[in-house]
Amino acid sequence: MEAITEARRHIDNAKGFLKNNARKQDGLFQDSKYVKIAGHTAYTGILLALNELLGDKKKKTRKSAEWYQKELSSLDKKVTANFATAYEVLHLAMGYDGTKSVKIANVGLEEAEKIIDWVETRLTKKEMKNP
């Protein structure tokens, strides 16, 4: 479960970047540089957790968002939707565009936490079956 701990650390770091550096004022972040850093950090946390669950099925090249969605769709449709939202918010809106909306950032971080919790539950069940 080291990957889950590391994934949660990424989410905590992302929240720290937003709280300590992005300067929230009137529902908007003032420094998009730290929004971008936070978005990339949180998205990486999701990927760490998912890689632990899904394994290295595709070793030669980097996994795409579409690959993760395909793999998740065979496991849980709700988590597939959560991943799509997290990708759009954390990776695209925050990580690339540096959105200034605090509400949007909160949605992305909440989705990230849901995904990591879901992965932890799946891994725990897996461990209980195969001690």
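Computed from a predicted model, the values in this text were never measured in an experiment.
Ion pairing of Glu127 with Arg122 is absent here, as no side-chain N (NZ or NE/NH1/NH2) approaches a carboxylate O to less than 4.0 Å. A salt bridge is absent between Glu113 and Arg8; no separation between the charged side-chain nitrogens and carboxylate oxygens falls under 4.0 Å.
The side chain to side chain contact (heavy atoms under 4.5 Å, CB included) test with Arg9 is passed by exactly one of Asp12, Thr5, Asn13: Asn13.
Of the possible donor and acceptor atoms, one in the side chain of His40 sits under 3.5 Å from a partner among the backbone N and O of Gly95. Without hydrogens or angle criteria, Thr99 side chain to Met94 main chain gives no donor-acceptor distance under 3.5 Å. Side-chain atoms of Thr80 come within 3.5 Å of backbone atoms of Ser73 as a donor-acceptor pair (strictly under, hydrogens ignored).
At a threshold of 4.5 Å between side-chain heavy atoms, the hydrophobic network of Ile, Leu, Val, Met, Phe, Trp and Tyr places Ile11 and Val102 in one connected group. In terms of hydrophobic clustering, with Ile, Leu, Val, Met, Phe, Trp and Tyr side chains grouped at heavy-atom distances under 4.5 Å, Phe17 and Tyr43 are assigned to different clusters. Hydrophobic clustering, with ILVMFWY side chains joined whenever heavy atoms are under 4.5 angstrom apart, groups Leu54 together with Ile115. Residue Leu90 is not grouped with residue Leu28 when hydrophobic side chains (ILVMFWY) are merged at heavy-atom distances under 4.5 angstrom, including chains of intermediate members. Note on Leu72 and Leu92: same hydrophobic cluster, where clusters join Ile, Leu, Val, Met, Phe, Trp and Tyr whose side-chain heavy atoms are under 4.5 Å apart, directly or indirectly.
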Exercise for review: With side chain to side chain contact (heavy atoms under 4.5 Å, CB included) as the test, would you mind laying out the steps for Glu2 and Glu6 before giving the verdict?
Suggested key: CA-CA 6 Å; Glu2 187 177 321; Glu6 186 66 14; 5.6 Å; no
**OP:** Take Asn82 and Trp118, measure what side chain to side chain contact (heavy atoms under 4.5 Å, CB included) needs, and give me the verdict at the end.
**Re:** CA-CA 10 Å; Asn82 292 348; Trp118 177 83; over 6 Å; no
**Message:** I'd like to know whether Asn21 forms a side chain to side chain contact (heavy atoms under 4.5 Å, CB included) with Asp31, so could you lay out the CA-CA distance, the side-chain angles of the two residues, the decisive distance to 0.1 Å, and finally the verdict.
**Reply:** CA-CA 7 Å; Asn21 303 99; Asp31 194 337; over 6 Å; no
Passes side chain to side chain contact (heavy atoms under 4.5 Å, CB included), Val89 versus Glu111? Steps please. CA-CA 9 Å; Val89 173; Glu111 294 299 308; over 6 Å; no
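Taking 4.5 Å as the limit, some side-chain heavy atom of His91 sits within range of a side-chain heavy atom of Tyr96. Here the side chains of Glu52 and Leu123 are in contact, with some heavy-atom distance below 4.5 Å. A heavy-atom distance below 4.5 Å is found between the side chains of Leu18 and Val35.
Because its NZ or CZ atom is not both nearer than 6.0 Å to the ring centre of Trp67 and within 45° of the ring axis, Lys70 does not count as a cation-pi partner of that residue.
Residue Thr44 holds its OG1 atom at 10.5 Å from CG of Asn51, rounded to the nearest 0.5 Å. Separation of atoms CG (Leu75) and CG (Leu53) is listed at 6.5 Å; rounding is to 0.5 Å.
Between Tyr68 and Phe83, the angle of the ring planes lies from 30° to 60°, which puts this pair in the tilted group.
Between Ala49 and Val119, the closest heavy-atom pair is O-CG1, 3.3 Å. Closest non-hydrogen pair, Ser32 versus Gly98, comes out as CB-O, 3.5 Å.
Ring to ring, Tyr34 and Phe29 are not that close: their centroids are 6.0 angstrom or more apart.
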